[in-house]
Amino acid sequence: MNTPVRISPAVLGVILVLLVIQLYLFETVLGAVLDGQRGVLPGAFGVSLALTLIALFLAFRSTVEHGRKKDGA
Amino acid sequence: MTWWRRAFPLELAEEGHFSRREFARFLALVSAGFTTGIGLLWLRKKPLEGAPDPESGPTGHPVALGLAADLRPGQSRLFKYRDAHDACILLRTGKGELKAYRQTCTHLGCAVRYSEGRLECPCHMGYFETDRGFPVQGPPTRPLSAIALEERPDGTLWAVGELPKPALENLGPRAGCVRESTEAQA
């Protein structure tokens, strides 16, 4: 019988932390743009993209398992 | 049975409808949404409402504001600058100086008005001083966008561009802090 592969609570916590960082980053960038400081946008986009890629990797590719492993895995 | 199962008696079958993995994927998609938002801000050429236009500068298209002498100390007048939706306020301070600011409050975008020697936002009782547009009371934390004025020899007043906002590192949480530090250095 195959046991479904589950994501660990720690990974979920990391994703939540990344999301909080991104929320703060977005709010800061929006404030800067409203002040006419558009120069921060390329750097902020790069940082946000990196955080998103990490979150996507953890959410879709994380192989942390709980319980029994799959047979033959 | 653990204490939280007794406090939240959910059926196990219902718990299986939304797995931890699915929740993680949802969070990751929200994360991608933030990145997309920043990317759209980067690609957007038109400035956001209430934001200064870096392309405009001091040589933007001038807008006639009438005779400067018509405005007495303590009086104000509304005008449109960038387009029909870009509401601005021209005022003459108690000291006789002419100032113009974009009317959009930097908190949640309500229209500010000139009252009792300062600019006030009636929505959440935010106040700005008139010298530089710094917030002095209430929820706003960023200064108003200032419009550059030019008084021509024939006595007419023109809005000629947008002034850059002060650098963030010079901004205290309230304008009073900035003024106090400036006065202390002097």
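Values below: every heavy atom of this structure, side chains too, minus hydrogens, waters and symmetry copies. Keep in mind that this is a model prediction, so the values were computed, not measured.
Taking the side chain as every heavy atom from C-beta outward, A/F45 and B/T35 approach each other to under 4.5 Å.
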Point to revise | Intermediate values then yes/no, side chain to side chain contact (heavy atoms under 4.5 Å, CB included), B/I38 and A/F26 | key: CA-CA 7 Å; B/I38 294 177; A/F26 185 77; 3.6 Å; yes
Point to revise | Test side chain to side chain contact (heavy atoms under 4.5 Å, CB included) applied to B/L27 and A/L18, step by step | key: CA-CA 9 Å; B/L27 294 181; A/L18 292 179; over 6 Å; no
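Considering all non-hydrogen atoms of both residues, B/R20 and A/P9 come closest at NH1-CD, 3.4 Å. Between A/A55 and B/A28, the shortest heavy-atom distance links the atoms O-CB, 3.7 Å. A pairwise comparison of heavy atoms in A/L58 and B/R21 identifies O-NH1, 3.8 Å as the closest pair. The minimum heavy-atom distance linking A/R38 with B/R44 is given by the pair NH2-O, 2.8 Å.
Chosen from A/L25, A/L23, A/L16, A/L53, the residue pairing most often with chain B at heavy-atom distances under 4.5 Å is A/L23. Ranked by non-hydrogen atom pairs under 4.5 Å with chain B, the options A/L49, A/V47, A/V29 are led by A/L49.
Grouping the Ile, Leu, Val, Met, Phe, Trp and Tyr side chains by contacts below 4.5 angstrom, directly or via other members, places B/L108 apart from B/Y127. Cluster annotation: A/I21 and A/V40 are assigned to distinct hydrophobic clusters (Ile/Leu/Val/Met/Phe/Trp/Tyr, side-chain heavy-atom contacts under 4.5 Å, transitive). In terms of hydrophobic clustering, with Ile, Leu, Val, Met, Phe, Trp and Tyr side chains grouped at heavy-atom distances under 4.5 Å, A/L56 and A/L12 are assigned to different clusters. A/I15 and B/L29 are not part of a single hydrophobic cluster, where members link through side-chain heavy atoms under 4.5 Å apart. If you chain together hydrophobic residues whose side chains sit under 4.5 Å apart, A/I54 and B/F26 fall into the same group.
The environment of A/F57 atom CZ is sparse: at most 12 non-hydrogen atoms of other residues, nucleotides or ligands sit within 6.0 angstrom.
Judged by distance alone, the side chain of B/S31 and the main-chain N or O of A/L19 form no donor-acceptor pair under 3.5 Å.
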